[in-house]
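Read through the structure below, which is laid out as structure tokens, and then see the notes.
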Number of protein chains: 2
Amino acid sequence: MPRAGLNRDRVADEAAAMADEVGLNRLTLAALADRLGIRQPSLYKHIDSMAGLHRDIAVNAKRDLGEVLARASVGRAGADAISAMSHAYRDWALKHPARYEASNRMPAPGDVEDEAVSLAAIQVIADVLTAYSLEGDDAVDAIRTFRSALHGFVSYEIAGAFRWNADVDRSFDRLVRGVVVALDQWVGTPTPVLPPV
Amino acid sequence: MPRAGLNRDRVADEAAAMADEVGLNRLTLAALADRLGIRQPSLYKHIDSMAGLHRDIAVNAKRDLGEVLARASVGRAGADAISAMSHAYRDWALKHPARYEASNRMPAPGDVEDEAVSLAAIQVIADVLTAYSLEGDDAVDAIRTFRSALHGFVSYEIAGAFRWNADVDRSFDRLVRGVVVALDQWVGTPTPVLPPV
DNA sequence: TGATCTGGCTATTGACAATAGCTTTTTGGG
DNA sequence: CCCAAAAAGCTATTGTCAATAGCCAGATCA
């Protein structure tokens, strides 16, 4: 029995690559073990469970995405930073669809490492919005809106939900421009009075 | 063996209700059969497969959501219609999280019924944007942006991704407001919004 | 009434995650 | 250098699923 030189990170990396190819929910331990050249039960020397493997994929993905976003926005500010970060976000997600899906899973309560990388990634997004000098709840609302727009677009695109022939790249540019326009008027916009629904 | 009076729709309805309680991916045929008072293999008299059941849940959900959106926006226009539809969308999704998840699955190619209800639901959204007199690719971009913002926010909210203490209702109001602001400036020159009726 | 269709049933299979328990390789302290 | 123990592989097995095969009773209708 020659050893395969595996460890937890190597297994999680290969699992993430495989998931990106076949889909996160179609990742099976039998196929992963096969790809790693070992038998399925041997995987449990490196993982706790399927859920634990998904968690490892998620943590690595959040860390990677956070770093990509940070690199994309360094040295930029305002609309420029938002645009650069948005495109880096979309590019990364399209390149790693299963990792992206995993990255949106919430950390289990008490999983400090997962909570840390999750917060770090969101913090990168939050920092880019500081140019708009939003504070308190206004800032939280803006971050939630920005994240929602990006996530909605990208997850629709990955799911293949944009079927009309219009150029998806162009639509994304327009979405980003829309976010910038909305942020420009964020503070001055009064909390809306809603019509009865 | 008394008969249980089941049919395909009844099974799909009960499955949808169960999925909303336990989560779409944790819906099992054994538990569903138990709830319906029959044995697990008997379910196959009413469904084709698990995938087929998910498809039925999705089709019913798309039809229901489309009708809810249509009712919410009837008699309104412009920002008023967008706001009413957005809140109806969010309320429905929060009330039926698994149905909402199912409703976002793409129709299988050639599934004309699924394609029809999918298109109908999107058409309701598209109609609400006609007040902005967008045409061609501009309209497609706007629809994609609107849908993305709604879907991103709602799916984050269902996933429990909004952990900071700021009021989520307020954040959603601000997002909707942001969409309206962005649409006002969509084509470069602000388009007047029809006043509420 | 009796043939046929429908909707239930038991028994079984195959894919999968997961566990038990054994063996071989690697490693590290004396 | 040596050997004890940890680490990493293995086979065998279990339990939970979805799914199929094949049987039987109740309903339907000529």
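Small disclaimer: the values here were computed from a predicted structure and weren't measured. By convention in this document, chain letters (A, B, ...) are assigned in the order of the sequence lines, proteins followed by strands, and residues within each chain are numbered from 1.
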Not counting sequence neighbours, list each pair that qualifies as a salt bridge (Lys or Arg N to Asp or Glu O under 4.0 Å) and has a residue in residues 152-165 of chain A.
A:R90-A:E157
Is the number of heavy atoms from other residues, nucleotides or ligands under 6.0 Å of A:D169 CG greater than 12?
yes
What residues, two or more places apart in sequence or in another chain, satisfy salt bridge (Lys or Arg N to Asp or Glu O under 4.0 Å) together with B:R105?
none
Salt bridge (Lys or Arg N to Asp or Glu O under 4.0 Å) partners of B:R147, counting only residues at least two apart
none
Residues from residues 20-39 of chain A lying under 4.0 Å of DNA chain D - heavy atoms:
A:I38, A:R39
Partners of A:H96 by ring pair (Phe, Tyr, Trp, His ring centres under 6.0 Å), sequence neighbours excluded?
A:W92
Note, B:F172 side chain near A:R144 side chain (heavy atom, < 4.5 Å):
no
Could you give all pairs that pass the ring pair (Phe, Tyr, Trp, His ring centres under 6.0 Å) test and reach residues 13-72 of chain A, with sequence neighbours left out?
none
Where A:A102 and A:K62 come nearest, the two heavy atoms and their spacing
O-CE, 4.4 Å
Can you list, in residue-number order, the parts of residues 6-19 of chain A that come under 4.0 Å of DNA chain D, counting heavy atoms only?
none
Who clusters with A:V59? Use side-chain heavy atoms, under 4.5 angstrom, across I, L, V, M, F, W and Y, and order the result by chain and number.
A:V117
For a salt bridge (charged side-chain N to carboxylate O under 4.0 Å, His left out) with B:R99, tell me which candidate from B:D13, B:D56, B:D20, B:D64 qualifies.
B:D20
Please collect all ring pair (Phe, Tyr, Trp, His ring centres under 6.0 Å) contacts where either partner lies in residues 112-131 of chain B, sequence neighbours excluded, each pair once.
none
What residues from residues 40-53 of chain B pass a heavy-atom cutoff of under 4.0 Å to DNA chain C?
B:P41, B:S42, B:K45, B:H46
Going by the rule ring pair (Phe, Tyr, Trp, His ring centres under 6.0 Å), which residues pair with A:Y100 if we only count those two or more places apart in sequence or in a different chain?
A:Y89, A:H151
Distances for protein N or O near nucleotides 3-6 of chain C N or O, under 3.5 Å:
from	atom 1	to	atom 2	distance (Å)
C:dT6	O2	B:R3	NH1	3.4
C:dT6	O2	B:R3	NH2	2.4

